[in-house]
Amino acid sequence: MIELKRLSPWEVSVLPDVTNALRWLQQQPQLLTGIGRGIERESLRVRADGSLSEQGHPKALGSALTHDWIITDFAESLMEFVTPVDRDIPHLLTFLRDLHRHVAKNIGDERLWPFSIPGTITDTETIALANYGSSNLGKMKHIYRQGLKHRYGSLMQVISGIHYNFSLPVAFWEARALANNDTRPVQAIASEGYLRIIRNYYRFGWIIPYLFGASPAVCESFLGDNPVLNTMESDGQGSRWFPYATSLRLSDLGYTNKSQSGLEISFNSLEEYVAGLKKAIATPSESYEKMGLFDDQQRRIQLNTNVLQIENELYAPIRPKRVIRRGEAPSDALKRGGIEYIEVRSLDINPFSATGISEEQVRFLDLFLIWCALIDSPEMDQAQLSFVKGNWNTVILEGRKPGLKLKAECGQQDFSLQEAGLALFDGLASIAKILDQGTDTAYQTTCQTLRGMITDPETTYSGKILSVIKQEGFIGSGITLAENYRQALLQEPLEILNDDIFTEKAAESIIEQQNIEASDTLSFEEYLASRKG
């Protein structure tokens with residue numbers, strides 16, 4: 001039997017008590033067998049000097065519209081690596097590394113930029129938007145990106161990140177229902193459980209940028225004439241940083257959208273979430289109406305003038321998801337089948353990994369998301385949601401500051417990040433023991449390693465990479481890491497996949513794109529109209 005630590009009165013006031021849920025989980029650890037995981041890693045293709053590639057998506061990699069594993073995001077140079085759902089962590093990470101190995105061999109002398117924040121971009125007009133061919137679907141994806149460019153600027157859109165997709169086994173939700181005498185369909189129980197995770201993620205997810213934020217610095221060209229430059233420290237050679245920052249990518253300087261701050265998206269029920277999303281994509285925006293639908297040459301520059309062009313435009317650190325059918329909106333998929341998994345979107349590119357993410361991050365996310373599923377999760381109104389986002393912003397800009405305090409809800413006394421972090425790891429350590437039963441100590445080792453980052457902030461990812469940047473500069477350190485990873489990937493053999501599989505996948509994706517283009521019977525405007533609602 002695993003000994004459970006009794007929380008102190010202070011800990012109870014900040015962190016929910018997970019003792020009873022842990023006792024329940026101890027008795028049936030097999031419920032955590034079969035966790036589903038998937039990774040989406042974004043990365044810019046760059047030249048040897050760190051400048052952005054102006055080459056199109058390499059043809060040898062197949063169609064960016066239809067390939068299952070290797071696609072593009074906002075720009076032709078912004079690659080995205082997508083793994084299938086996997087229930088084995090080493091296999092998942094090896095598959096991801098095979099994708100990187102294959103790409104490294106097919107992008108010539110280019111490299112993959114190892115940071116979330118791009119390197120030197122002197123002219124944003126040189127950022128070529130992703131092209132997906134002549135089909136209505138391809139045109140829609142391209143014009144959506146035109147809209148992003150005109151609404152928020154291209155520079156923000158080429159900031160890269162990691163998305164981690166996570167699902168608990170159906171048996172877990174069935175057992176929770178049985179323990180609570182809940183006779184509803186498991187689909188409804190799982191949806192409610194994932195929303196519980198999301199609310200707790202907002203409350204306590206500041207731990208993620210604290211541990212894994214890796215964008216404390218930028219190249220000053222990234223900020224242009226932004227007056228914030230005058231408040232940042234500098235090496236006098238183009239690198240700028242805040243001394244205690246963890247993730248400028250998640251700050252107002254990075255991948256955020258103030259125009260969406262007024263959206264009232266609720267995570268209290270699936271019905272409320274879907275209704276809020278539907279409202280956002282149907283609500284006209286005065287500023288986007290002024291922008292218009294077409295430029296002077298009558299080329300469409302956005303899909304519509306609503307607050308959101310499509311649902312994927314919603315900026316959020318975490319999303320409820322379900323695999324969609326062709327032509328189906330994400331919210332319609334959720335209405336049809338409930339929440340199938342959650343997508344964690346607040347991870348910076350890990351500059352200490354050739355694939356942008358490490359095993360210790362995956363194991364931590366497992367532990368943290370399970371913890372979020374077990375603890376109580378009261379409903380949150382918009383004021384509470386805004387309140388907890390304040391703790392995120394504090395950690396994003398000052399996470400490593402000695403003695404940093406965060407705000408407790410309900411007017412309680414401010415609390416120490418370090419004390420809360422240590423208490424959180426006590427709960428995670430108990431879950432780690434359950435996950436490690438009958439296997440090894442991988443989760444417990446992860447806990448021990450990361451717990452050390454709470455007491456020594458300079459060992460966090462942001463602390464370590466800022467030390468490197470101060471010595472080599474933002475661009476210089478990026479170039480060195482990119483070249484080191486390029487050489488390593490070029491020399492490594494494929495382990496799970498092989499060249500024939502990649503060749504076949506590329507060919508199949510090109511044929512599929514051609515078939516989509518040949519099957520169009522509607523004009524583009526008719527196609528857009530058919531997708532409304």
Test Tyr152 against Tyr315 for ring pair (Phe, Tyr, Trp, His ring centres under 6.0 Å), laying out the working first. CA-CA 12 Å; Tyr152 318 119; Tyr315 292 79; 5.5 Å; yes

Are Trp371 and Phe364 near enough that their ring centres are under 6.0 Å apart? no

Residue pairs passing the salt bridge (charged side-chain N to carboxylate O under 4.0 Å, His left out) test with at least one member in residues 138-148, sequence neighbours excluded, are none

Do we see a donor-acceptor contact under 3.5 Å between the side chains of Gln444 and Thr441? no

Point-to-point distance, once rounded to the nearest 0.5 Å, from CG of Leu248 to CG of Asp348: 8.5 Å

Beyond-backbone contact of His163 with Glu42, side-chain heavy atoms, under 4.5 angstrom: yes

With side chains defined as the heavy atoms from C-beta onward, is the minimum distance between Leu270 and Pro320 less than 4.5 Å? no

With Glu40, the side-chain contact (heavy atoms from CB on, under 4.5 Å) member among Asp73, Ile162, Asn165: Asn165

Taking C-beta and beyond as the side chain, do Glu192 and Ile189 meet within less than 4.5 Å on heavy atoms? no

Using modelled atom types only, decide if a donor and an acceptor are shared between the side chain of Gln302 and the backbone of Gly292 within a distance under 3.5 Å. yes

So do Phe115 and Ile349 actually touch side chain to side chain, heavy atoms under 4.5 Å? no

Taking side-chain contact (heavy atoms from CB on, under 4.5 Å) as the criterion, tell me which of Ile208, Ile342, Ile318, Val362 meets it with Tyr164. Val362

Do Tyr273 and Ser191 get their side chains close enough for a donor-acceptor pair, meaning under 3.5 Å? no

Separation between NE2 of His57 and CD1 of Ile70, rounded to the nearest 0.5 Å: 7.0 Å

Taking C-beta and beyond as the side chain, do Leu93 and Ile357 meet within less than 4.5 Å on heavy atoms? yes

Exercise: do Thr446 and Arg363 side chains pair donor with acceptor under 3.5 Å: no

For Gln30, look at atom CD and say whether over 12 heavy atoms of other residues, nucleotides or ligands are found less than 6.0 Å away. yes

Distance in Å, Leu32 CG paired with Leu168 CG, rounded so as to fall on 0.5 Å steps: 7.0 Å

From NE2 (His142) to OG (Ser135), nearest 0.5 Å: 12.5 Å

Taking atom types as modelled, is there a side-chain donor on Glu311 or Ser331 under 3.5 Å from an acceptor on the other? yes

Are the side chains of Glu313 and Leu303 in touch, meaning some heavy atoms are under 4.5 Å apart? no

Without hydrogens or angle criteria, can the side chains of Tyr194 and Ser167 be said to hold a donor-acceptor pair below 3.5 Å? no

Could you tell me whether Lys464 atom NZ has more than 12 heavy atoms of other residues or ligands within 6.0 Å of it? yes

Side-chain heavy atoms of Leu308 within contact of Asn306, under 4.5 Å: no

Check the pair Asp366, Tyr443 against side chain to side chain donor-acceptor pair (under 3.5 Å), reporting the backbone distance first and the verdict last. CA-CA 9 Å; Asp366 284 355; Tyr443 282 100; 2.7 Å; yes

To the nearest 0.5 Å, tell me how far Leu129 CG sits from Leu78 CG. 11.0 Å

Salt-bridge contact Arg101-Asp499 (side-chain N to carboxylate O under 4.0 Å): no

By side chain to side chain contact (heavy atoms under 4.5 Å, CB included), Glu340 pairs with (sequence neighbours left out) Arg322, Val323

Pairwise distance NZ(Lys149) to CD(Gln157) - rounded to 0.5 angstrom: 11.5 Å

A side-chain contact here means heavy atoms from C-beta on lying under 4.5 Å apart; do Ile465 and Phe352 qualify? yes

